Each structure stands twice: as C-alpha cells, then as structure tokens.
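What follows is a set of notes on a single structure, which appears directly below.
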2 protein chains.
Amino acid sequence: MTHETWTFFPHAGSRHVQTLRVALRLFVQNGFFNTSIQDLCAEAGVSIGFFYNHFADKEGIARELYRHLLARMNMLLDEIEERQTSNRERCEAVLRMLFGLAEAEPEAMGFVVNARHREFLPEEQAICSASAFVRMRGFVFAGMADGEIREMNPMVAASLMYGSAIRMICLRLDGLVDTPIGQLFDSLWDGVWRSLRPD
Amino acid sequence: MTHETWTFFPHAGSRHVQTLRVALRLFVQNGFFNTSIQDLCAEAGVSIGFFYNHFADKEGIARELYRHLLARMNMLLDEIEERQTSNRERCEAVLRMLFGLAEAEPEAMGFVVNARHREFLPEEQAICSASAFVRMRGFVFAGMADGEIREMNPMVAASLMYGSAIRMICLRLDGLVDTPIGQLFDSLWDGVWRSLRPD
DNA sequence: GTCTATATCCTGATAGAC
DNA sequence: GTCTATCAGGATATAGAC
C-alpha cells in the first residue's frame, strides 16, 4: 500500500456511504444550514425514510462525517508515526499528507479545515482540540524537546509549522491558487523549516 | 492618534450601531443561522419594526457588518502604508495590527477570520479575495520584487507571511492559547521573517 | 427495512395602528 | 419612525402502509 495519494474515503459503495459523500459535498458547497434533508436525499437518490433509518437526524449525519474524517486523519497519523523516526520528518510528512488530501479530496479537506462545526455540532469539541490536531502539535513539541526545533513558545512553533500550509490549502480551496499545490510543497516546506530549525 | 490599540468600532452609541454589535456577538457565538431575528432584537433591546426600518433583512445586517469590518481593515492598511516605507515593515505592521485586533475585538476578528460568509452572503466575494486581503498579499509581492524577500512562488510567500499569524489567532480565539498573543508577537515575527528573508 | 404522506414547529418578513 | 400582531412558507421529523 503506497501513499502517493491519500484519501479520506478508501472504500465507497453502499448507499450509506454514498449518502455521506453527497452530504459532505452539499455541506461544503452550500453549508449545513442551506442543505435541506429533502435536497440531500434527492441528490443522493435515497428516500427520507432511508435517511432516518440510517442516521438519527440531520446532526447525526454531520457528526458521522466529522468523526469519520477525524478518525481517518488519525489513521494517517498512525502511519506517519510508524514510518518516520524524527519529529522533523513527521511534521514534513504531515504537511505533505495535508497537501495530498487537499488535492485528492478537496471537499473532505474543506469540511475539516473550513466548516464551523460548533454551529451544527454543539457538543463536539473545537476541531483544533481534536485528537488529530493535538497529535500534530505533539510532533512539534517533541521536536523542540529533542533539540531538532529551536526553543520558543510551543504554540508559536506549532503555528509556524502548520499555519502556512493550512493557509495555502485554504487559498487553494477558495480558488486563489491555480496550480496543484503538490508542486509548491518543497518551496513551502523549505520556508517553514527555515523558521524552525536551530541556528 | 496613537495606535497601541486597534479597534474595529471606534464610535459606539446609536441604537443602529448597538444592534450591529449585538448581531456581531451572536453571529460569532452562535452562528448566523442559529441567530433568529427575534433573539437578536430582544438582546439588542429593539423591536422587530426598528430592525426592518434600519436593515433590509437578515442578510442586510450581516452584509453591513461584513463591509464595515473590511472597510475598517482597509483604513488600518492605509495608515500602515503611509507610516511604513519598506514592505518588510509593512508586513510586520500588518501582523502586529492583526494581533492587536484579535485581543481588542475578538468577536470582530472571529467574524472576519472564522465565519463562512459565503453561506449567508452568497453574492459577496470570498473574503480572501477581498480588497484588504489582496492588499496584504500585495505587500509581500512588492517585497519580493524589491529583493527584501527571497524569490519564490508568490502565494507560497504570502502563506508563509500571514499563515502562522492567522493560525495563532485562531488558536487564541478558540481558547487554546491562554496568554494574550501580543506577548508572543516578537517570537512569531522572528520565525516568520527567517522563512522569508534573503540568504 | 423502506417508502410516501403528513404533522408540527419556527422563522423571516409584513401589515397596519399610532 | 416605531411598535405589535400576524401571515405564509419551509424545515425537520414522524406515522403508518407495505
């Protein structure tokens, strides 16, 4: 299993998953509140009855989507943690993964990065407190403890590490960057690392 | 007029402005779609009739808020452009301004940075295409043309310049950073500049 | 399990008195 | 200009047949 391409939905097929995919697209394109269950079911080709047998309610499908995407990110982080030994390499691999996902599954990435989940999933934690994002910052903290990364405030280091890439992804998703950002990765990583490497 | 503190709403007073401020707070705290006009009017202490005499509709108040905040950012950019001569200084001043605004007016900053405006203001351009953000990137492009900033893809440079600060602001607004971020500015700017300065 | 038809609620917006 | 009372529409969620 090579990972030249990353994906959030490795297996598609069942109507359940198909409904999730359509929900993802509509939630990202039009927003959660602008998507009616009727529209969603019509677009997914399922009945209202089917919907309510598979999902508790409208929040339910959004929650399943949210948790699925975060769980998938955690699995990708697991692989990175296994493969890479230094924290610098882990961070680089994370950024490369994010760039890859943004190109392969822009809607999923949009839902993770852009959506204001608290507005429709009130009981979920803020996404930057979610396990996957905590672990990503953990790589930075560990790198600083090891001396791979310069001494500084940990949150400043995490922002320097991930902020530029997230910004670039947002610009790409919003159509302000024409070229696939994979081509820009090396240049971005070079800049990021200059800001964090020891003197 | 010193600018140790920046503000989006320099003058408050009229019921019109008061209603705008309450709308801002509710839109950021609960989201646009979770805020009913009835709740908004009750909280602002105005009647439904007053509301519809001052604003065309629910979108209208959101649009006025949006345009006001962006216009105010443009004014602050005007001042920065006047005061600072080099593009490096301008970028640094922009970041300092953003940090200051995030502390002084977190709700306004949240509305600018976090809200998904396209969901409730369909005819507005994406915010990263708005004049203020275009000008901010322009400082970076000009700095690269002048040789103050290393040669690289312009959008990569813009992401390196602004991404970390925006990320830090988001973390602060989401409660993951306890200390006022003004204290962290020098450290962050040091990192940002390392990523962009010529060799 | 799946579908259609429908109940119920709430919201944005208006009408008309003052 | 400002207010209260109300309307009309659309949304979520359910009921009940199959």
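Here is how names work: the chains are called A, B, and so on, in the same order as the sequence lines, proteins then strands, and each is numbered from 1. Computed from a predicted structure; not experimentally measured. Just so you know, these numbers use all the heavy atoms, side chains as well, and skip hydrogens, waters and symmetry mates.
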Q. In whole Å, what is the span from the CG atom of B:N34 to the C1' atom of C:dC10?
A. 13 Å

Q. How long is the line joining CZ of B:F50 and C1' of D:dC3, in whole Å?
A. 12 Å

Q: Rounded off to whole Å, could you give me the CZ-to-C1' distance for the B:F32 and C:dG12 pair?
A: 10 Å

Q) Taking the side chain as C-beta and beyond, is there a heavy-atom pair between B:R116 and B:F32 under 4.5 Å? A) no

Q | Rounded distance (Å) that lies between atom C1' of C:dT2 and atom CZ of A:F55 | A | 14 Å

**Q.** Given B:E123, B:H117, B:E124, the one that forms side chain to side chain donor-acceptor pair (under 3.5 Å) with B:R63
**A.** B:E123

Q. In whole angstroms, how far is the C1' atom of D:dG10 from the CG atom of A:D39?
A. 11 Å

Q. If you find the nucleotide of DNA chain D closest to A:S36 and the one closest to B:F51, which residue's nucleotide is nearer the 5' end?
A. B:F51

Q) When the distance from NZ of B:K58 to P of C:dA13 is rounded to whole Å, what number comes out? A) 8 Å

Q) Cation-pi between A:R167 and B:Y162: NZ/CZ under 6.0 Å from ring centre and within 45° of the ring axis? A) no

Q: Return no unless some side-chain N or O of B:H54 is found under 4.0 Å from OP1 or OP2 of D:dT2.
A: yes

Q. Please give, in whole Å, the distance from D:dT12 C1' to A:I61 CD1?
A. 14 Å

Q: Answer yes or no: does a side-chain N or O of A:R15 lie under 4.0 Å from OP1 or OP2 of C:dC3?
A: yes

Q: Rounded off to whole Å, could you give me the CD1-to-P distance for the B:I48 and C:dA15 pair?
A: 15 Å

**Q.** Ring-face cation contact, B:W189 with B:R96, 6.0 Å cut, 45° max
**A.** no

Q. Which residue lies toward the 5' end of DNA chain C, A:Q38 or A:N53, if each is placed at its nearest nucleotide?
A. A:N53

Q: Among the candidates C:dT11, D:dA13, C:dA13, find the nucleotide nearest to the side-chain atoms of B:Y52.
A: C:dA13

